[in-house]
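Heads up: the structure comes next, in structure tokens.
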Amino acid sequence: MARKGNKRKSSDHRKRRRTGGAAGRHVAALEPGLQAQARGDLREAEASFKQVIERHPQLVDAHVALATLLARQERLSEAESWLKKAIELRPSVVAPRLVLAELYRSFARPRQAVDTMLDCIDRFRHDADAHYQLGFAQLVAGDLEQGAENLKHALRLNADHIEARLRLGQALHVSKDARGAESAFRELLRREPDHGRAWLGLGQVLMRAGNVKEARECFLRAMTLNPALPDLSTALVRSKRYTEDDAEEVERLIELSVESRRWPDVRADYRFALGKVMDDLKRYDEAFEYYSEGNRLAREQRNRFDLQKLTLVVDRIMQTFSVEYFADHDSIGDPSAVPVFVVGMQRSGTTLAEQILASHPAVFGADELPYIDDLSHQLTGLLRADVSYPRCASLLTAEVARELAGEYLSRIREIGADAQRIVDKMPGNLFHAGFIASLFPNAKIVHCRRDPLDVSLSIFFQQFENGHEWAYSLEEIAAYYCEYQRAVSHWRKVLPIQMFELEYENLIANQESVTRELIDYCGLPWDAQCLEYFQTRRQVGSASNWQVRQPIYTRSVARWKHYESHLQVLKSRLEPVLSTQHPVHTP
């Protein structure tokens, strides 16, 4: 709950205002409780803080200390109650409001955090911490633009607010403002050169832009400063392909993996990182062992995969988007041919496909956009339907289809300017193909395909940032793949848009001919830059951002054979797909 590393230049008067004038007068009363908390005696600490509040009911510090203690025990409603009492008792003090907002944000209630801080800002307009907490809460709630604005305002009030500058850099990075993000991180490091998270953030910005060498130096610096940072080990090992010459670094990573038992947030990270390293070194049994342990740890921290729910969704997609549906909804959307949707399973070559297309001078690669999914969630309300998406799509009108298509085009034009084609590379849009065809009957859909065993193994070897609950066991990956394949088979039968089937193995074996077919499918003249895609300088946000900076290579084809002894369950669960699916070319 504490805010670390914030070098605020505060006057003594300001400090007293933040704690209700208690600083220096009643702090000693809190000492027994703080000491009990430090030695792990939470019951005694709680009793001590409550005794202090009885004696000094106006002491905001005691309420905050007690609430923080309760929050550590995940007693959210009690912590919330004590903070609200403090706010009621001393409305002129900002501290309990800040802690309450932080409490809401930490317990996945960002909207309540935002509401708390909006109310706080009305009273404390010139408080940098208030604008910081508001901005941070807005970022967590998904409002990146407004969140970034409030973080900037916090910095205008206090240029030394380190955490505001850090969150601003992270927000701009997510928003793909590479220049702004890099500037924020570099300015933070100018003020605090040993800030590990800032080095990590700067490295991630540089990595996305293709500046791999400098990014790697940033990751190594961050590793020296704070090896317990989430995502750091993953970022570091993705910055190169390891060889026997890297023995010293590999040994250090193994040591840190052992140490990570003390760092719950990164235990899985180090296992995935070492899995990748061992795979590079062709020590496949060790790699699989690390990956398996990483998946086990990651799965413990995620929601369980609900296969029945996914099956029901696919059933409803197939029932809704039928041949009859498309006959009744023929050409109701926007005629624009600007959008190109790259879809498929994760790790099937979608990033490579986008990079190839984005190397064409008439194409802008927009990376993974959530817009189609966002629009699908609006559909029930716009249609005033009694059923949710996808079933409500049966009521789709030309008016609503064009309204939503216009909103989508407006959003992509904000980032793609005047490009003839704008690529939306969201793999999961495969499940929205019928909705896409309704909005954009002239759109192009590129379906990326890869050997099911290679795709499944590559997913098992990938730690995703969020979601993907199905991606952490081979059995559940296979189950998800079978549902994905069921949806693909349906689209092939009913979709009015002819999808381009981009087979990864065929692309690797016949790069130029397949690339020419892809460019032609998108209605564009041939451009040889598409063969030199790895030279294209652009932001690449996916886990494949290192791979797409490399020329075509074959080592990922039939990669599963290195791990065949570990894949009997996977092969068994994928048998229905392996025996019936559309054939995959192999070189």
Side-chain angles (χ1 to χ4, degrees), residues 1-4 6 8 10 14-27 29-34 36-37 42-143 146-147 150 153-154 157 163-164 167:
M1 296 289 291
R3 295 179 299 280
K4 300 177 181 177
N6 186 359
R8 292 185 296 271
S10 304
R14 177 176 171 80
K15 289 177 183 177
R16 285 195 296 272
R17 180 181 66 81
R18 302 182 72 81
T19 60
R25 292 192 285 124
H26 298 302
V27 171
L30 297 177
E31 203 52 42
L34 295 172
Q37 182 174 323
L42 304 187
R43 182 176 297 180
E44 182 180 334
E46 180 179 342
S48 178
F49 291 144
K50 286 180 177 177
Q51 287 173 4
V52 174
I53 291 171
E54 277 188 32
R55 295 196 303 269
H56 309 288
Q58 297 289 317
L59 183 55
V60 168
D61 279 359
H63 289 77
V64 170
L66 176 58
T68 303
L69 177 70
L70 295 169
R72 282 181 54 190
Q73 301 171 68
E74 299 190 2
R75 294 160 63 182
L76 176 59
S77 61
E78 294 175 75
E80 180 183 18
S81 176
W82 283 106
L83 289 169
K84 287 183 175 179
K85 285 179 184 177
I87 293 169
E88 185 178 347
L89 284 167
R90 303 296 301 275
S92 62
V93 180
V94 70
R97 300 170 190 268
L98 298 176
V99 177
L100 181 61
E102 195 167 349
L103 184 77
Y104 286 141
R105 177 172 47 75
S106 299
F107 283 87
R109 291 162 63 177
R111 288 297 171 192
Q112 285 180 274
V114 169
D115 291 343
T116 298
M117 293 318 302
L118 286 172
D119 180 65
C120 181
I121 291 292
D122 285 340
R123 187 180 289 267
F124 304 99
R125 291 186 178 278
H126 302 295
D127 191 290
D129 276 346
H131 285 278
Y132 162 70
Q133 285 290 357
L134 176 57
F136 194 2
Q138 288 168 326
L139 297 185
V140 176
D143 189 349
Q146 196 58 50
N150 274 298
H153 192 72
L157 292 168
E163 288 199 354
R167 300 302 175 190

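This one's a predicted model, so the numbers in the text were calculated from it and none came from an experiment. All residue numbers in this chain count up from 1 along the given sequence.
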Nearest-0.5 Å distance, CD of residue Glu46 to CD of residue Gln37: 10.5 Å

If you define the side chain from C-beta out and look only at heavy atoms, does anything of Leu89 sit under 4.5 Å from His63? yes

Rounded to the nearest 0.5 Å, how far apart are CG of Leu42 and CD of Gln73? 5.0 Å

Which pair of non-hydrogen atoms, one from Pro96 and one from Ala86, has the smallest distance, and what is that distance? CB-CB, 3.9 Å

Rounded to the nearest 0.5 angstrom, the CG-CD distance for Leu134 and Gln138 is 4.0 Å

Spacing of Trp82 atom CH2 and Leu69 atom CG [to the nearest 0.5 Å]: 12.0 Å

Could you pull out the closest heavy-atom pair between Cys120 and Val94, with the gap in Å? SG-CG2, 3.8 Å

CZ/Phe49 to OG1/Thr68 distance, rounded to the nearest 0.5 angstrom? 8.5 Å

Asp122 and Leu118: side-chain contact (heavy atoms from CB on, under 4.5 Å), yes or no, with the steps? CA-CA 7 Å; Asp122 285 340; Leu118 286 172; over 6 Å; no

Minimum side-chain heavy-atom gap Leu103-Leu76 below 4.5 Å: yes

Closest heavy-atom pair and its distance - Ala62, Ile53: CB-CG1, 3.6 Å

Does the side chain of Met117 reach to within under 4.5 Å of the side chain of Val114, using non-hydrogen atoms? no

For Arg55 and Gln51, run side-chain contact (heavy atoms from CB on, under 4.5 Å): C-alpha distance rounded to whole Å, both residues' side-chain angles, the deciding distance at 0.1 Å, then the answer. CA-CA 6 Å; Arg55 295 196 303 269; Gln51 287 173 4; 3.9 Å; yes

Is the charged tip of Arg105 near the ring of Phe136: under 6.0 Å from the six-membered ring centre and within 45° of its axis? yes

If we check side-chain contact (heavy atoms from CB on, under 4.5 Å) with Arg97, which of these qualifies: Gln133, Glu102, Arg123? Arg123

Rounded distance (nearest 0.5 Å) linking atom CD1 of Ile87 with atom CG of Leu100: 5.0 Å

Under the rule for side-chain contact (heavy atoms from CB on, under 4.5 Å), what residues qualify as partners of Pro32, not counting sequence neighbours? Ser48

Least distance between heavy atoms, Arg125 atom then Leu157 atom: O-CD1, 4.0 Å

So, for Ala79 and Ala71, which heavy atoms are closest and what is the spacing to 0.1 Å? CB-N, 4.1 Å

Do the non-hydrogen side-chain atoms of Leu83 and Val64 ever get within less than 4.5 Å of each other? yes

side-chain contact (heavy atoms from CB on, under 4.5 Å) partners of Gln112, counting only residues at least two apart: Glu80, Tyr104, Arg109

Which pair of heavy atoms, one from Pro91 and one from Phe124, lies closest together, and at what distance? O-CZ, 3.8 Å

